[in-house]
2 protein chains.
Amino acid sequence: MPTSKDVARLAGVSQSTVSYVMSGKRPISEEVRQRVQAAIEELTYHPNAGARALAGRRTHVVGLVVPFGASADPGGLLPFIETIASGAREHDHDVLLVTADEGTSALTRLEGRRLCDAIVLMEVEARDERIPVASGLRVPVLLVGVPEEPDGLVCVDLDFAAAGRLAVEGLVERGHRRIAVLGYPPEAVERDIGYVRRFGDAALAAASAAGVECALVSPVAHTAAAVRAAVGRALETARDGDGADDDGLDDPGLGLVVASGGAVPLALTALAERGVVPGRDVSVVAMLPDATAAATSPPVSNVSTESRDVSRRAVQELFRLLGDDPPTGGGVHLVTPRLTHRRTTVAGPAGA
Amino acid sequence: MPTSKDVARLAGVSQSTVSYVMSGKRPISEEVRQRVQAAIEELTYHPNAGARALAGRRTHVVGLVVPFGASADPGGLLPFIETIASGAREHDHDVLLVTADEGTSALTRLEGRRLCDAIVLMEVEARDERIPVASGLRVPVLLVGVPEEPDGLVCVDLDFAAAGRLAVEGLVERGHRRIAVLGYPPEAVERDIGYVRRFGDAALAAASAAGVECALVSPVAHTAAAVRAAVGRALETARDGDGADDDGLDDPGLGLVVASGGAVPLALTALAERGVVPGRDVSVVAMLPDATAAATSPPVSNVSTESRDVSRRAVQELFRLLGDDPPTGGGVHLVTPRLTHRRTTVAGPAGA
DNA sequence: CTGAAAGCGCTAACAG
DNA sequence: CTGTTAGCGCTTTCAG
C-alpha cells in the first residue's frame, strides 16, 4: 500500500508537495502537478484517513445520529439518510452512522474520539436531553427538528404549521365545511410537543379563518381499536348539526386530516369497515412522504413530509457550518411542504 | 482535550501502560489499573480515533454499503442498518455508511484510505460487478445476498427457496387447490436472477409436490395497470377447470402469492376493484417484513423477509471475520423465513 | 509486571 | 513556487 512518500519519490518531489497538490492549499506549477497526478494514478494512491485526521485535525467525516429503535417510521428516514450521505460525498466527506439509543454519550464519544468534524442530530424532540450536551461541543451540531430551546444551534425542519394549514385549506377548497384532525399517538404527544402543537394549532387556525368547523381528535394511539374509535368520533361529529345523511347534494362530507402517517392504513381500514369511501363520501388528507402516500391503497392525498427537501437543506447548512466563514451561530430553517391530491379527496364543489 | 499522555502523567505511569490498560493486551497490576482508570474518568479521556487507527492499524469501523437510489424498498432496509449499527457498537466498532451509487470505487476508497476494517455489501445481485473487486481487497467483505460467483466471500441471505415453499405450503394447508404467484418486476428479473429464480422454482416445486396447480405470472411491473392485469390473469386461470363461480362450498378459491413486497398495495387495490375480498374469496400471502405486512389494509399474511434476523446473522459472521481465528474463507449462510397468517388468508377447510 | 522510544502517514509551519 | 522538518496521539517492540 503506497504512501505519499512513495508518490513523492516517484514524482521526484517532496512529500509536502504531494500533500499540497491534493489539497490545493498552495500554488503548484502545472508541470509538477502533472507529474504528481501521474504518480498518484500509477500507484493508485489513497491518503490514509487516520493519518490525515491526525495531522490535519479534520476527519472529513460527519456523524449522523439516527432515531432507530423507536422508529415506527412511515418512510421518511431512508431518503433522509441517503440524501445526507450523498451530499456529504459531494463535499468529499463520509458519514458515520450512530443510533440514537446511545443517547447523549454518542455525542461525547464522537467529539472525544475525534470521529467526525460535525454532527447531524435527527428527530430532535421539543425538550431533548441531547441539546444541552450538543451545544457544549466543540464540533458544530445541526439539528433536524426544532426544540424549544435551540440553545444557539442551527435547526432545519419541515414547516409543520404550514402543513397543518395546507391540509385544512386543501379540504376547504374542495368544499368541506366540517373537518376533523386525527392527531398524534400519545407517545408523540408527550415527546414531540414541538411539531405536534404547531401542526394542530395551525390546522385549527386555518379552519377558523375559513369559517369551517374543525375537531381535533387527539391523542390517537396507533392501534386498530383506537383509530377505529377516533374515526367513529370524527364521523359522528361531522354528522351533528347536519341533520340528515345525504340531503345536501353539494355536501362533500367530512374532511379528515390524518396528522400521523403511521395511522393512515388503520384509518383507511376503519373507514372501509363502515362502508365509507374516501374520495366519494369523505376526503382524507394525510401527512406522509409522497412515495408512501402513493403506495397506500387507495393512494391517499398527502401533505408531503419532504424528507428529501429537508435533508438537502440540512446538508447545505451543514457545510456552511464547516465552511470558512463563521456562520453566525443559531438559526431555524423551515422547509415548506406541498399538498398533493390523490384518490382520497372528493372532486370539489365547482365541478372541477 | 486530554491525551493519553495526560492520563499517564496524572496516574503516574507511562503512556504505554495507559494503552495497555485500555486494550487489555498485557497484564496490569490491579493497583495501577485503578489509578489509570481513575485518571481516565477524571479527565474524561477519549482515545483519538485517527491516532489509534494510524498506530494500531485497526480503525474499529466497519463500512456499510447500502443500496440507495434504486431502493423502492418495502421496509426491510432500515431495520437492517439499525441492527448492523447496534451490533457493531456492541463490538466497540462504528459504522461508516456509503451509498451503492458510488459503485465499485466505494470499495477501493474504503480500503485505500483505510477507512474501515471490514465491509458489508448489501443487496448483492446475482452477477454483481462489485464481487470481483471485493474479493480482491485486503479487508474482509461480507455479502448480504448470494451472487452466482461468491468468489470465496462470505454470504448471508434469506432462504428464498424456503420462502417460496412456505408460501405455497401455507396456502395448500388452507385448502387452496389453485395457486398463482405474482412474480417480480422486470428490473428485478434481470438484475437479481439469484433469488428471483430460487423463489419461483421452489414455489412451483412445492405446488407440484402437493399436487396443486400453480401459475407463475411474471414479470409484473410495479404499476397499477400491470398488477391489475396480472391479478386478472391469475383469477382467470383459477376459474378455468372450476366450471362455475361458487358451487363448491369447500373451494377456498385462488391462493395468491405476491413475491415482490412492493406490489402488495397495488394487488390489494386490484382485487378490491373486482370486488374480490382477500380472506374470504381468495387468500393472499406476500413476501414482506412483518411490520410492513401488519401495516397494510387489511393486514396481509406474509412470509417474513426477516431483515432483522438476516442482519443479526450478518453481524455475527462479520465479527467472526474480524476475530482472531482465521474463519476459513467463504460460506453461504441462509436464514429461514416464517409464515404468518393475517387477515388475508381464508380460514381453511377443516374448520380451523 | 512496567518504561522508553520508535514510528504509523500525513499536514503545516518554517525556510528558502 | 518548492523542500525540510517537526509533530499530530497512539501502539508496540525492545529492554528491563
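For the numbers below, each heavy atom of this structure counts, side chains included, while hydrogens, waters and symmetry mates do not. Quick note on labels: first sequence line is chain A, next is B, and so on, each numbered from 1.
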[N] phosphate, OP1 or OP2, under 4.0 Å from [X] side-chain N/O:
X	N	answer
B/Lys5	D/dC10	no
B/Lys25	D/dT12	yes
A/Ser19	C/dT11	yes
B/Ser4	D/dC10	yes
B/Thr17	C/dG3	yes
B/Thr3	D/dG9	no

How long is the line joining [atom1] of [X] and [atom2] of [N], in whole Å?
X	N	atom1	atom2	value
A/Met1	C/dC10	CE	C1'	16 Å
A/Gln15	C/dC10	CD	P	7 Å
B/Leu54	C/dC8	CG	C1'	4 Å
B/Tyr20	C/dA4	OH	P	14 Å
B/Leu115	C/dC10	CG	P	13 Å
A/His60	C/dG9	NE2	P	19 Å
A/Arg52	C/dA12	CZ	C1'	14 Å
B/Asn48	D/dG7	CG	P	17 Å

Within the 4.0 Å heavy-atom criterion, would you say A/Val13 contacts the bases, only the backbone, or no part of the nucleic acid? sugar-phosphate
Side-chain heavy atoms of A/Leu121 within contact of A/Leu142, under 4.5 Å: no
Could you check whether the side chain of [X] and the base of [N] have a donor-acceptor pair of N or O atoms closer than 3.5 Å, going by distance alone?
X	N	result
A/Ser16	D/dT5	no
A/Arg26	D/dT2	yes
A/Arg57	D/dG7	no

NZ/NE/NH1/NH2 to OD/OE distance under 4.0 Å, B/Glu82 and B/Arg308: yes
Cationic N near anionic O, under 4.0 Å, B/Arg113 to A/Asp94: no
Nearest-0.5 Å distance that lies between atom CD in B/Glu123 and atom CG in B/Asp128: 10.5 Å
Could you measure the distance from the CD atom of A/Gln316 to the NE2 atom of A/His333? Nearest 0.5 Å is fine. 8.5 Å
B/Phe319 and B/His93 aromatic ring geometry - parallel, tilted or perpendicular at 30°/60° bounds: perpendicular
Axial bend angle, the helix from C/dC1-D/dG16 to C/dG16-D/dC1: five-pair end segments, nearest 10°: 30°
To check you understand the geometry: which heavy-atom pair defines the closest contact between A/Arg130 and A/Val124, and what is its length? NH2-CA, 4.1 Å
What's the shortest heavy-atom distance between A/Tyr45 and A/Pro2, and which atoms? CD1-O, 3.6 Å
Take B/Arg114 and B/Val32, find for each the nucleotide of DNA chain C with the closest heavy atom, and name the residue whose nucleotide sits nearer the 5' end. B/Val32
